[in-house]
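Report on the structure given below.
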Amino acid sequence: MPCCPSPLTLLRDSLRGQRQHDKDLWTLISNLPYQALPKTTNHYFPGNSIKTTKYSFWFFIPMNLWERFHRFANVYFVGLALLNFVPAVEAFQPEVALIPICVILTLTALKDGWEDYRRYRSDRRINHTPCLIYSRKEGDFVERRWKDVRVGDFVKVVSNEILPADLLLLHTSDHNGVCHIETATLDGETNLKQRQVVPGLYTQDFPFKPQHFNSTVVVEKPNDNLNHFKGYIETADNRKLGFGIDSLLLRGCTVRNTDHAAGFVVYAGRETKSMLNNNRPRYKCSKLERKMNMDVLFCVIVLFCMCLVGALGHYIWLESFPSMPLFLIPDSHGHLDQPPLSSFYMFFTMIILLQILIPISLYVSIEIVKVGQVFFITNDIDLYDEETDSRVQCRTLNITEDLGQILYVFSDKTGTLTENKMVFRRCTIMGTEYAHNENDVRLAVLGEADDTEEEVLFHQRPLPLRTGWTLEDNHDHDPEVIQCCHGAQRQEKERSAQGEVAFSSPLETEVVPDRKLLQRVLRGGGDGPGGCQETDLYLDFFLALAVCNTVVVSTATRAQAQRRRASGCPSPSLSQSSVDLLQSLVRKMSSLLHTIRSWQPMTEKEDLDNTNSSLSGPVNSHVANHHHTIAEGQASQTNTKANIPRPGLVVDTADQLCYEAESPDEAALVYAAKAYGFTLLARTPDSVTVRLPHGQELTYQVLDTLTFDPIRKRMSVVLCHPITREIVMYTKGADYTMMELLETPYAENRMEGSHKNIPASTQKHLDWYAKEGLRTLCLAKKVLSKKANEDWSLVRQDAVATINNREELLMETATHLETHLTLLGATGIEDRLQDSVPDTITALREAGIQVWVLTGDKPETAVNIAYTCRLLDQGDLVINMRTNNKAVCASTLDCTLEEVRQYVGPGAPGDPSPSIGLVIDGHTLGMALESDLVERFVELARSCRSVLCCRVTPLQKSTVVKVVRERLKVMTLAIGDGASDVNMIQAADVGIGISGQEGMQAVMASDFSISCFKHMKKLLLAHGHWCYRRLANMAIYFFYKNVTYVNLLFWYQFYCGFSGTSMIDIWLIIFFNLFFTSAPPIMFGVMDRNFATETLLGLPELYRSGQGSEGYNHFTFWIAMLDAFYQSLVCFFIPFWTYHGSDIDIYTFGTPINTVSLFTILLHLAIEIKTWTVVHWVIMLGSVSLYFMVTLVYSAVCISCNPPSDPYWILQQQMTDPMFYLVCVITTVVALLPRYTYRVLINTVAPSPIVRARHLERLDPTTKEQWIREWRGLRGESTWEVAQEQTQKQEPSLGNQRHHCPHHHPPWNPFPQSTIRFELQQQQIGTSQKVTS
């Protein structure tokens, strides 16, 4: 029997393991040689078992109490309850004082315990999931549990299985060493990611044998970056094989399209990347809660003052007796405390008696109310998106009221304001622009079909081909076919909603080629010198579109089968497959129909001649190198019109290809290349297969891929031609980075004549595209010599195998190769606006919210979108700041600020002008955010109605949000849909993520998630307004209620010698706050509505009340406090004067006071309630009924509950006395009369906009809608007239102030009918001005 290790050995092993764990690099070896031993070399690293619970069974109570006592209110009430056990300061029975806080702590503990138990069950289910681990004893993979996996083990996974740990991929069933994974559980992206075996380690031709793995794996220390991983394998012959994130299989991902794969465990358990990203929900403190905490401190001060008055009063009362009175009972030793000491004790007794001044149930009630508000938000049918089957989600429960106080909204553009559905629109190749007018017609028809629920052209019945086609041809359609197409469209919508394939809607995949460009590609070049070389570049352009990407290719049937097996759905029947194939053929043939109909009418002879010339004409050298020669039989086959969708193109309709791209841009370009016959067929880490227009398939060897990164703004792929063995690099990227990398003598040496101006022509076309709001990309190529490629590859391999500074070295190798490029052309891709975006932005601006758009797009593209979505109006004066010089930036800020002050004129400082917009690029923004310029930039920005930041990085987005939030002290909201928006979302007070096509990173980092931007309108203007008003009024009411009730006990102290005596039974005091008056305010906070949805959306100005904190501020708080003091005086002294001089006992006097206070407090709430429903009546009447029922029963059974005075039969006797009812009625009326009078006066004499809008609620829906429409029209007219009048007044002053800017032209021409852009281009001295109408 092995002996137990000594404590010294355990300590030594622990320290050694800690040192090993803290290293920046982990050195791992296989566990197989040590499987029979109790310890392995990797035993320092944690196991794969996870534990997400916060508590353990034995330590649940102390740990939960420790967590609860982090809230000061709980410590306060527990301290007072314990203080009541001290005899000298005891106010009432000590055990009774513990009941309220014990109830609160018990309910909270039950909630926490249930949540933790659910986490425990989830952990147990995950830890006991079966998996396959290699066993040296068995010589094969055997079934174990996830919790048994250790770092250094070999794990095998099969198709559709979830990965148990982070695995370094060593082997797959694919002969190319590829494994596809789905990362939806991590980032929400449903498209497949391609992973490959560590390059150079094994060949896939031999079976994988883990027992022969004798290499050392070196990896970086665990981190939470899902897109970054580095390390190397050191083999037995001292070779270092580098690898990155493309060789790592992450825990929680699902294997797809791969029969099996095997890997080496590098991270396990809590140190896997998925677990490091599994952060608990962030706690945010709302603005209302922060104010409420300050008012709690005010209540503490008031309580301290009241207790001090009680102590001093008790001292004065004792000093007033010439001798010790008989009713003062000495202690057991016969000793009586002196008045100073007795008054000191009385101070603490008064704290115990008046403790309910601090609302103990307020925090619990607020949590309940917020849960109810979240329930109504998430179940709002207007915030449900049927297409994606998603609804709004509230990920942070404690800031719902912040939705009603937003002043600044920071929004991303792509995927947030736009659909992120990239549609190929135009392209320019070799300086020639191709407008794709036929495709524009298709998109226009498609857009109309989307609006009217009608079918589009590619869903119509295919018609027989004929020689002459025009757009005016009309044909009747078979109703059965149309019905079938309707069903196909519905099924396609359902499939896209379920997220089977990203970026695969017909809007994105169907591209009608430009006739001129298509003929040029098929014809094989033009006449004249350089024709063949020009055609080379034309074909290179489309090859770059097809191969320069990371698109994963699979067939639709295989992808559907994989997902069907994963979801447990049965395979489709043969008839279903036939229907799908028929629908696919219908779509393809209909696309052909629209293409041919888009061409101009031509004769049969011309058509035949063009087709024959395109097929049998001279083929350029590039095509000859690719194809050699095309067999005559193949040419004749491709010339058969009945079998091909486009003249000269070979299209495979047997199985539909499925492209799974990481971004919609890549998918749009691949589908555009496919439309011209360049079809991407397959992709592996080492090769890419493309079918060319004439049908020949070529497999290019992929030598290296330089992936896209936000610094380079481009990606490249290095290929080796399968026939010529020529090494070519294709590059695509942002135009402003690509133009700088073009070969300098390109225009002079490569082209002649008009082709010298290809870069200039391309740049002009890019400017056109940007002004039309299109996203632009440039494509280029570079031919490498074999020697140059070999030298570069050696440097690249060394950089890949490096751990330290790996990213910098890889960046250097990429930038070194991406130089002296040959420009091929550029593309323009449209990203359409989402539905109702202009209306939403207009409503937000009318609500007093400033909208900023932060985007990485070009300024021209962003400005075009800004006008389209009404962020900028045609009458706005647009200040366009763009400079590379900090001195120019500072001078421009000063000059522009002075002009803005003159233009805005008198008014509230900082109010945004209704006619000024600011456009600033990323480089200028970086300088403006520096410490010496940031104040001027913020002052300028707050004076503008709209701000548009272009070419900004994710870090700049978050910096802008932080600067505005901290410098202006305003409530900010950030909304985005992608990983680049995460920092911005987390920096804002409220973060909203859109569950779009770029994954779920933004959603997982947000506080709320919605499916489209238009939902912002109701979420803020309706739900935000309601949540804020409800919680604000409820918090004010809670303070009022507690102050009113506790003052009743305080006034009684003046008549009982400040002895800490209560005229109300202690049990009734406890029940008063716990039961009698707890439900109405909760109901008030959850269900009260001061306006209907239509009113709030029709009058966005009503939202401004929350921005100004009209519902909860110092004024409303202290008004409520004064009202509480007044009502407590009335509720105490009217019964006091009524029963003055009588011989009633203490509880007979206290019962009318307690009853009157209940009526007053509940009727006070009734005055504040704006909407009465059945629930309101039931709860209000139920609270009164509960009071009488509990009090009557308690009075009947409590014979000696609180000797010497007992409340036995007190209420029964009071209810037989008419004076009791008279006191209740008179006291309640007198107490509420000022509150009611105040409400009447402000509603009639000086009504606020809120009060005026309340009158609309009494109108019938038709009259209310008409009134709102007329009011909005009158408001718009008056706003325009005021703006025009203000502009005319400011025009002379603007001219007089221009001499203050010595080095700059004036930033605008003061005419509201023109759109003025003040552009700052860095020059030797100043700037240039561009004015456009």
Side-chain angles (χ1 to χ4, degrees), residues 413-414 418 422-437 439-440 514 517 541 665 668-669 672 713-714 731-742 746-747 751 754-780 821-833 853 855-869 871-872 874 878-884 917 919-924 948-952 1314-1323 1327-1333:
K413 183 185 77 68
T414 304
T418 61
M422 304 303 175
V423 181
F424 184 85
R425 294 299 300 265
R426 310 169 79 98
C427 69
T428 173
I429 307 176
M430 302 305 299
T432 304
E433 206 270 336
Y434 298 95
H436 288 75
N437 295 324
N439 196 46
D440 292 345
D514 186 270
L517 179 58
F541 176 84
D665 302 75
L669 296 180
K713 298 285 185 181
R714 57 186 179 271
T731 303
K732 72 174 181 181
D735 53 73
Y736 66 94
T737 61
M738 296 287 289
M739 290 297 182
E740 300 173 353
L741 304 175
L742 297 182
Y746 168 77
M751 294 296 169
S754 61
H755 296 298
K756 288 185 178 181
N757 297 324
I758 288 178
S761 300
T762 303
Q763 185 61 57
K764 182 172 66 173
H765 298 155
L766 288 171
D767 294 338
W768 289 349
Y769 295 169
K771 291 177 181 179
E772 292 181 5
L774 303 181
R775 297 166 60 89
T776 57
L777 281 176
C778 282
L779 295 101
L821 304 178
T822 300
L823 181 64
L824 299 175
T827 60
I829 301 176
E830 181 185 18
D831 188 9
R832 294 185 169 186
L833 278 181
V853 174
T855 178
D857 285 347
K858 294 180 61 177
E860 294 82 1
T861 303
V863 168
N864 183 279
I865 296 296
Y867 280 105
T868 305
C869 68
L871 184 70
L872 298 175
Q874 293 300 324
V878 181
I879 306 171
N880 195 327
M881 296 184 61
R882 191 185 309 174
T883 180
N884 294 324
V919 179
I920 185 170
D921 70 334
H923 188 72
T924 309
L948 182 62
C949 302
C950 313
R951 295 295 193 197
V952 293
S1314 301
T1315 299
I1316 313 301
R1317 294 196 180 108
F1318 181 32
E1319 294 198 356
L1320 305 177
Q1321 304 289 350
Q1322 182 180 359
Q1323 298 178 356
T1327 61
S1328 63
Q1329 180 185 18
K1330 181 172 71 175
V1331 180
T1332 59
S1333 297

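Shown here for A734 and L777, the closest heavy-atom pair between the two residues is N-CD2, 4.1 Å. The shortest heavy-atom contact between M881 and T924 is O-OG1, 3.9 Å. The two atoms that bring A780 and L821 nearest to each other are CB-CB, 3.8 Å, heavy atoms only. Closest non-hydrogen pair, G431 versus S761, comes out as O-CB, 3.9 Å.
The distance from atom CG of L823 to atom CE of M739, rounded to the nearest 0.5 Å, is 5.0 Å. Between C778 atom SG and R714 atom CZ the span is 12.0 Å, to the nearest 0.5 Å. Separating the CD1 atom in I920 from the OG1 atom in T883 is a distance of 10.0 Å, to the nearest 0.5 Å. In this structure, CE in M738 is found 6.5 Å from CG in L779, a value given to the nearest 0.5 Å. To the nearest 0.5 Å, the span separating CD1 on I758 from CD1 on I429 amounts to 11.5 Å.
Contact check for T428 versus F541: no side-chain heavy atoms found under the 4.5 Å cut-off. With contacts defined as side-chain heavy-atom distances shorter than 4.5 Å, the pair D514/C427 does not qualify. Residues R426 and W768 have side chains not in contact (no heavy-atom distance under 4.5 Å, counting atoms from C-beta outward). Using a 4.5 Å heavy-atom cutoff, the side chains of T776 and H765 are not in contact. With contacts defined as side-chain heavy-atom distances shorter than 4.5 Å, the pair L948/I865 does not qualify. No side-chain heavy atom of E772 sits under 4.5 Å from any side-chain heavy atom of R425.
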> Hey, mind stepping through T762 and D735 against side-chain contact (heavy atoms from CB on, under 4.5 Å) and telling me if it holds?
Replying inline: CA-CA 10 Å; T762 303; D735 53 73; over 6 Å; no
> Given the rule in the side-chain contact (heavy atoms from CB on, under 4.5 Å) test, do V878 and V863 qualify, once you have shown the distances and angles that lead to the verdict?
Replying inline: CA-CA 10 Å; V878 181; V863 168; 5.9 Å; no
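Qualifying salt bridge (Lys or Arg N to Asp or Glu O under 4.0 Å) partners for D665, counting only residues two or more places apart in sequence or in other chains: R775. For the salt bridge (Lys or Arg N to Asp or Glu O under 4.0 Å) test, no residue two or more places apart in sequence or in another chain qualifies with K732.
Of the residues listed (L871, L872, N864), the one engaging T868 in a side chain to side chain contact (heavy atoms under 4.5 Å, CB included) is N864, and it is the only one.
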